[in-house]
Asks: 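One structure, as structure tokens, below. Some questions next.
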Amino acid sequence: MTANYLKRATDTYLHHAKPNASQLQARGAHWSVERERGHNFRPATEIIREEEIIAALQATKSIAKDPIAIRDVLQKAHDNALLRNTSQEAPQSGSEYVQGLSVHDAAVLLNMDENDSGAMRQLFETAFAVKERIYGNRIVLFAPLYLASYCVNQCTYCAFRASNKAQQRGVLTRAELIAEVEALQRQGHRRLLLVAGESPKYTFDQVLDALRTTASVRTEPCGSIRRINVEIPALSVSDFKRLKATDCVGTYTLFQETYHRKTFARVHPAGPKSDYEHRLLTMDRAQLGGIDDVGIGALFGLADYRFEVLAMLQHAQHLEDTYRAGPHTVSIPRIQPAVGAPDSAGGGPRPVSDKQFAKLVAVLRCAVPYTGMILSTRESPEMRRMLLKLGVSQMSAGSRTDIGAYDKLERELQSANTKAAQREQDLANTCTAESKDMLAQFTLQDLRPMDEIVRELLEDGFVPSWCTACYRKGRTGAAFMAIAKKGDIHNYCHPNGLLTLKEYLLDYATPETKRIGESVMLREEDTITSERAKSAYRRKLDRVALGEHDLYV
């Protein structure tokens with residue numbers, strides 16, 4: 001048999017046997033292909049050190065019953081958050097990340113008995129004090145926008161899993177995307193999270209086009225999206241560079257889902273997402289690709305919640321130690337039922353109770369004081385209301401997780417021509433019915449429209465904010481920390497948050513929300529301690545009242 005014959009036979013085989021994109025992804029090929037070579041990363045086992053986590057949880061069980069030890073850990077968290085510990089300042093690092101607690105100390109708090117009301121009160125008070133010091137009473141609002149529901153992965157907790165025949169699939173066309181963004185702008189949204197599954201039926205190039213399109217949409221009177229974050233599949237370094245080049249993206253978010261390797265393998269039986277190390281190293285590739293603003297998270301209910309929190313701390317500290325860029329946000333989703341997803345029932349394989357969930361949120365706020373904490377509409381209004389006082393700094397509002405839902409609901413409401421008060425209830429009822437259409441990724445628990453959520457925040461003493469000023473003024477990294485160390489964040493973020501609230505009240509609020517909001521704004525102006533900041537705020541507020549928008553100090 002000659003060499004030429006072998007070559008011809010091989011070429012013929014490769015030509016006929018070459019799989020298409022769908023077949024490649026089903027076998028584990030990645031949505032985003034690496035075009036660069038020579039990148040070396042730490043092994044995943046050195047980043048998430050399972051034995052260290054297990055040892056810390058075991059060693060701190062008895063310490064967690066000692067009131068004095070608990071008090072000392074909470075005091076340490078408080079002092080670190082206020083940057084009283086000089087080792088936490090890192091003024092040359094250019095990073096806003098501060099780890100307020102070690103893995104060992106966080107394990108102490110996680111091992112506390114959530115039924116011990118006295119201990120929980122101390123934890124909650126500390127978390128609230130840390131949040132108030134850094135974020136004040138501002139709550140940043142955003143909405144997710146789903147671009148496509150096709151996915152080749154087989155995640156056992158998600159309705160978008162490839163083998164779920166009950167799931168109706170969809171992809172937004174450019175016209176449909178514009179209609180969705182317009183509908184969200186008419187709700188008052190300024191910040192969006194674009195979401196897509198992993199499938200050749202919706203490519204990375206289409207995501208890039210969606211980014212540019214979303215950024216270009218404008219509606220009357222002054223609707224525009226000022227910050228676009230993305231939650232899309234794991235990217236290569238080369239594609240992260242392409243993402244960065246759009247100059248449209250804010251935070252890149254990707255959840256490990258579970259950091260527990262054995263659990264990860266069980267709940268991701270097939271598809272490219274089943275590669276634990278490749279997924280974990282996504283944020284490393286992001287850093288090399290120029291995306292240093294990243295968000296991490298775990299889906300609580302898959303594995304021991306205590307393990308997940310400590311693993312997130314290890315992941316965050318790795319990013320800080322290696323790149324001087326700890327995560328900008330951490331997300332805390334809890335499993336909710338999803339059609340055709342067996343591990344979504346009953347809160348998942350390792351359900352997290354409400355008391356445990358409240359505890360882990362408070363511990364995270366103490367452990368990563370300067371990292372934004374995001375809460376979704378997976379939680380009920382009552383639960384969200386409580387968690388706002390324990391450390392949450394951002395939350396979604398008026399969210400939908402099915403394709404094309406925002407424009408559809410808006411058109412249905414317009415055709416109904418109902419009164420404003422009845423319209424809000426109809427919106428919730430319509431969404432409840434839609435959740436049965438098997439379009440959504442998971443069940444939502446808070447179906448209230450934007451205006452109702454804004455009004456409740458105002459009534460509860462919070463300031464709803466859509467501010468993006470720090471990013472655009474360069475107050476990030478070392479510049480942000482210099483302000484933070486002096487305790488001056490309130491004199492920047494608070495006036496800017498109030499200016500965005502004024503925009504919302506003028507352009508989108510119902511009369512009752514506007515009445516309450518104007519009262520809150522008068523009260524909150526007095527809390528701006530810097531006369532210079534207050535003077536600048538008043539000048540810009542007058543300009544906003546005359547119709548000028550997107551102003552900040």
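As a basis for the values below, the full set of heavy atoms in this structure was taken, side chains included, without hydrogen atoms, waters or symmetry mates. Since the model is a prediction, treat every value here as computed from it, not as a measurement.
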Asks: Only counting residues at least two apart or in another chain, list the ones meeting salt bridge (Lys or Arg N to Asp or Glu O under 4.0 Å) with E52.
Replies: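 Here the qualifying residues are R49.
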
Asks: Return each pair, listed once, that meets ring pair (Phe, Tyr, Trp, His ring centres under 6.0 Å) where at least one residue sits in residues 324-356; pairs must be two or more places apart or across chains.
Replies: H328-Y471

Asks: If only atom types and distance count, is the side chain of H189 paired as donor or acceptor with the main-chain N or O of A397 below 3.5 Å?
Replies: yes

Asks: Would you tell me whether T156 and D343 have side-chain atoms, one donor and one acceptor, within less than 3.5 Å of each other?
Replies: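 T156 vs D343: donor-acceptor pair found between side chains.
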
Asks: Quick check: closest heavy atoms across G340 and P342, and the distance to 0.1 Å?
Replies: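 For G340 and P342, the tightest heavy-atom pair comes out as O-CD, 3.6 Å.
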
Asks: In chain order, what residues pass the side-chain hydrogen bond (donor to acceptor under 3.5 Å, both in side chains) check against K502, with sequence neighbours excluded?
Replies: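 Partners of K502 by the side-chain hydrogen bond (donor to acceptor under 3.5 Å, both in side chains) criterion, ordered by chain and then number, come out as E518.
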
Asks: Is the number of heavy atoms from other residues, nucleotides or ligands within 6.0 Å of CD (E46) greater than 12?
Replies: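 Above 12, so yes.
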
Asks: In this structure, are over 12 heavy atoms from other groups packed under 6.0 Å from F124 atom CZ?
Replies: yes

Asks: If the condition is side chain to side chain contact (heavy atoms under 4.5 Å, CB included), which residues does L522 pass it with, not counting sequence neighbours?
Replies: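 Result, side chain to side chain contact (heavy atoms under 4.5 Å, CB included) vs L522: none returned.
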
Asks: Could you go step by step and tell me if E114 and Q356 meet the side chain to side chain donor-acceptor pair (under 3.5 Å) rule?
Replies: CA-CA 6 Å; E114 58 269 14; Q356 291 168 338; 3.2 Å; yes

Asks: Is the backbone N or O of R532 less than 3.5 Å from a side-chain atom of Y537, with the two atoms forming a donor-acceptor pair by type?
Replies: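 Checking the backbone N and O of R532 against the side chain of Y537, no donor-acceptor pair under 3.5 Å is found.
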
Asks: Could you tell me which residues satisfy ring-ring contact (aromatic ring centres under 6.0 Å, His included) with F357, sequence neighbours excluded, listed by chain and number?
Replies: none

Asks: Apply side chain to side chain contact (heavy atoms under 4.5 Å, CB included) to Y552 and list each qualifying residue two or more places apart in sequence or on a separate chain.
Replies: A469, R472, K473, N496, D550

Asks: Residues in side-chain hydrogen bond (donor to acceptor under 3.5 Å, both in side chains) with D284, at least two apart?
Replies: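 By the side-chain hydrogen bond (donor to acceptor under 3.5 Å, both in side chains) rule, D284 matches H318, Y323.
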
Asks: Stepwise, does the side chain to side chain donor-acceptor pair (under 3.5 Å) test hold for N229 with R191?
Replies: CA-CA 8 Å; N229 302 328; R191 303 168 65 115; 5.8 Å; no

Asks: Restricting to salt bridge (Lys or Arg N to Asp or Glu O under 4.0 Å), what partner residues turn up for E308, sequence neighbours left out?
Replies: none

Asks: Decide, yes or no, whether a salt bridge links R455 with D451 under the criterion of side-chain N to carboxylate O below 4.0 Å.
Replies: yes

Asks: Does any N or O in the side chain of D460 come within less than 3.5 Å of the main-chain N or O of F462, such that one atom is a donor and the other an acceptor?
Replies: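 Such a contact is absent between D460 side chain and F462 backbone.
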
Asks: Can you list every ring pair (Phe, Tyr, Trp, His ring centres under 6.0 Å) pair that touches residues 378-399, not counting sequence neighbours?
Replies: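 For residues 378-399: none.
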
Asks: Between D293 and R227, does at least one N-O distance fall below 4.0 Å, as a salt bridge requires?
Replies: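 A salt bridge is present here (some side-chain N lies under 4.0 Å from a carboxylate O).
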
Asks: Could you work out, with salt bridge (Lys or Arg N to Asp or Glu O under 4.0 Å) as the rule, every residue matching E525, not counting sequence neighbours?
Replies: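 Expected list: R538.
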
Asks: Hey, would you say the Y276 and F264 ring centroids sit under 6.0 Å apart?
Replies: yes

Asks: Please name all residues satisfying side chain to side chain contact (heavy atoms under 4.5 Å, CB included) with C155, sequence neighbours left out, ordered by chain then number.
Replies: N153, Y157, C158, H268, K273

Asks: Quick one: list whatever passes side-chain hydrogen bond (donor to acceptor under 3.5 Å, both in side chains) with R190, sequence neighbours left out.
Replies: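 Per chain and number, R190 pairs via side-chain hydrogen bond (donor to acceptor under 3.5 Å, both in side chains) with E503.
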
Asks: Is there a side chain to side chain donor-acceptor pair (under 3.5 Å) between E320 and Q99 once you walk through the steps?
Replies: CA-CA 9 Å; E320 174 65 13; Q99 185 139 335; over 6 Å; no

